Amino acid sequence: MTRPPKLLIFDSGLGGLTVFAETVKLRPHGDYVYCADDAGFPYGSWKEPELVERVMELMERLIADHAPDIVVIACNTASTIVLPYLRVHWPALPFVGTVPAIKPAAERTKSKMISVLGTQGTVARDYTQNLIAQFAAHCSVTLVGSKRLAGFAESYMHGEGVRDADIGAEIAPCFKEEDGRRTDAIVLACTHYPLLVEEFKRLAPWPVEWIDPAPAIARRADQLLGERFGADAPGRQPVSRRIIFTSGARPPSPLVAALARYGLAWTAVVPTA
């Protein structure tokens with residue numbers, strides 16, 4: 001095809017920027033629309049039926065308005081709850097989801113002690129337990145559900161200060177020691193968390209590998225696009241990179257500047273009626 005592929009990247013907020021950035025590395029000539037459902041943030045507080053209904057309604061409008069060639073659900077919560085419904089409703093449209101990177105953590109750990117840092121909903125979900133049973137049965141796995149980190153990441157992107165003590169308190173339960181061994185790999189099971197990874201590294205009591213799923217998600221999206229469009233290449237049409245906020249609110253200047261660093265332009269379009 002001579003036109004660039006259209007990619008829709010969806011998240012409850014700004015965490016999906018970590019996935020967006022990795023995807024752009026592989027598909028710089030794609031046409032991107034990023035939708036942040038800030039009106040519904042955080043998803044961890046939603047009951048499952050209501051969240052399914054909300055995301056399905058949003059996706060109806062987004063797909064009708066933008067006709068994407070692929071949709072990336074850059075959110076662990078939405079992926080584990082809503083993704084099956086999306087695939088049934090739009091069987092011809094590829095959806096790429098986000099799941100906790102437990103398998104690579106279990107493969108890379110030397111101490112056989114890993115932690116999964118996610119939202120409270122993600123770490124409690126059967127889906128996560130099944131991944132542990134399938135890929136990390138030989139490891140000691142600590143599940144840490146954070147109430148506050150996703151909100152801290154949003155504040156950070158808005159240019160608001162976040163106290164070291166508050167971040168440190170959220171990640172402290174990830175670090176375990178037993179029988180001369182200690183945690184050496186931590187799964188970032190929320191796409192918001194890599195936005196704070198430099199702070200995590202600075203505040204960690206000892207060095208660990210922080211495992212971000214974004215590169216693997218980007219590779220999967222690129223693979224699926226490659227089957228239809230071939231390798232990334234300039235198209236005849238100029239590409240665009242836009243971000244939509246479901247609240248319709250104008251982002252503050254620090255956030256506009258941060259989005260510009262990602263190459264994203266804010267557009268005053270609200271995908272809900």
Side-chain angles (χ1 to χ4, degrees), residues 11-23 25 36 41-44 74-77 79 98-125 128 131-132 136 139-178 181-218 254-255 258-259 261-262:
D11 184 32
S12 62
L14 299 171
L17 291 174
T18 58
V19 176
F20 168 81
E22 292 296 327
T23 308
K25 290 178 184 178
F41 178 86
Y43 277 180
C75 172
N76 284 271
T77 301
S79 293
T98 304
V99 298
I102 291 168
K103 181 180 180 181
E107 292 171 345
R108 297 178 198 174
T109 177
K110 294 181 173 60
S111 68
K112 306 304 179 189
M113 293 181 65
I114 67 177
S115 291
V116 180
L117 178 62
T119 64
Q120 290 178 308
T122 293
V123 300
R125 209 155 276 127
T128 302
L131 289 174
I132 293 169
C139 296
S140 173
V141 181
T142 300
L143 295 170
V144 179
S146 172
K147 287 184 179 180
R148 306 170 71 195
L149 277 178
F152 290 164
E154 292 280 321
S155 296
Y156 178 81
M157 292 298 292
H158 281 76
E160 301 167 7
V162 182
R163 296 195 313 156
D164 284 357
D166 290 335
I167 296 175
E170 295 298 305
I171 67 172
C174 295
F175 293 84
K176 300 293 185 181
E177 295 184 87
E178 60 182 49
R181 299 178 299 135
R182 61 188 187 181
T183 305
D184 66 354
I186 298 177
V187 177
L188 297 174
C190 172
T191 55
H192 277 79
Y193 296 174
L195 295 172
L196 295 170
V197 72
E198 294 305 317
E199 311 306 314
F200 295 167
K201 292 176 181 178
R202 181 170 57 83
L203 298 169
W206 60 77
V208 298
E209 183 175 6
W210 301 91
I211 299 180
D212 178 1
I217 299 165
L255 178 55
L259 295 172
R261 291 193 290 273
Y262 283 88

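Please read all numbers here as calculations on a predicted model, not as lab measurements.
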side-chain contact (heavy atoms from CB on, under 4.5 Å) assessment of I132 paired with L143: CA-CA 10 Å; I132 293 169; L143 295 170; 3.7 Å; yes
Close side-chain approach of R108 to I114, heavy-atom, < 4.5 Å: no
Worked verdict on I217 versus T23 for side-chain contact (heavy atoms from CB on, under 4.5 Å): CA-CA 8 Å; I217 299 165; T23 308; 5.7 Å; no
Nearest-0.5 Å distance that lies between atom CG in D166 and atom CZ in R148: 4.5 Å
Set of ring-ring contact (aromatic ring centres under 6.0 Å, His included) partners for F41, sequence neighbours left out: H192
Exercise: identify the closest heavy-atom pair between V116 and A189: CG1-CB, 3.8 Å
Expected output: side-chain T18 to main-chain T191 donor-acceptor under 3.5 Å: yes
side-chain hydrogen bond (donor to acceptor under 3.5 Å, both in side chains) involving T122 - partner list, sequence neighbours excluded: T119
Side chain proximity check, Y193 to W210, heavy atoms < 4.5 angstrom: no
Atom pair CZ (F152) and CG (L196), whose distance is rounded to the nearest 0.5 Å: 9.0 Å
OG1 on T128 to CD1 on I102, rounded to 0.5 Å: 5.5 Å
Side chain proximity check, L117 to L149, heavy atoms < 4.5 angstrom: yes
Atom NZ of K112: over 12 foreign heavy atoms under 6.0 Å: yes
Atom pair CD1 (I167) and CD (E199), whose distance is rounded to the nearest 0.5 Å: 5.5 Å
T109 side-chain N/O to A105 backbone N/O, donor-acceptor pair under 3.5 Å: no
Exercise: identify the closest heavy-atom pair between V123 and G118: CG1-N, 3.9 Å
Atom pair CG/CZ of N76 and R125 - distance to nearest 0.5 Å: 9.0 Å
Ring geometry between W206 and F175 (parallel below 30°, tilted from 30 to 60°, perpendicular above 60°): perpendicular
Side-chain (S111) to main-chain (R182) donor-acceptor, under 3.5 angstrom: yes
Distance, nearest 0.5 Å, that separates CG of D184 from OG of S115: 9.5 Å
Main-chain N/O of K176 paired to T183 side chain as donor or acceptor, under 3.5 Å: yes
Side-chain donor/acceptor of E154 to backbone N/O of L14, under 3.5 Å: yes
Plane angle bin for Y262 and F20 - parallel if under 30°, tilted between 30 and 60°, otherwise perpendicular: tilted
Exercise: identify the closest heavy-atom pair between A214 and D212: N-OD1, 2.9 Å
Nearest non-hydrogen partners of G16 and D11, listed with the distance: N-OD2, 2.9 Å
Closest non-hydrogen atom pair, G159 against P254: CA-CB, 3.9 Å
Nearest non-hydrogen partners of C75 and S79, listed with the distance: O-OG, 2.7 Å
Heavy-atom check, side chain of L131 versus side chain of P100, under 4.5 Å: yes
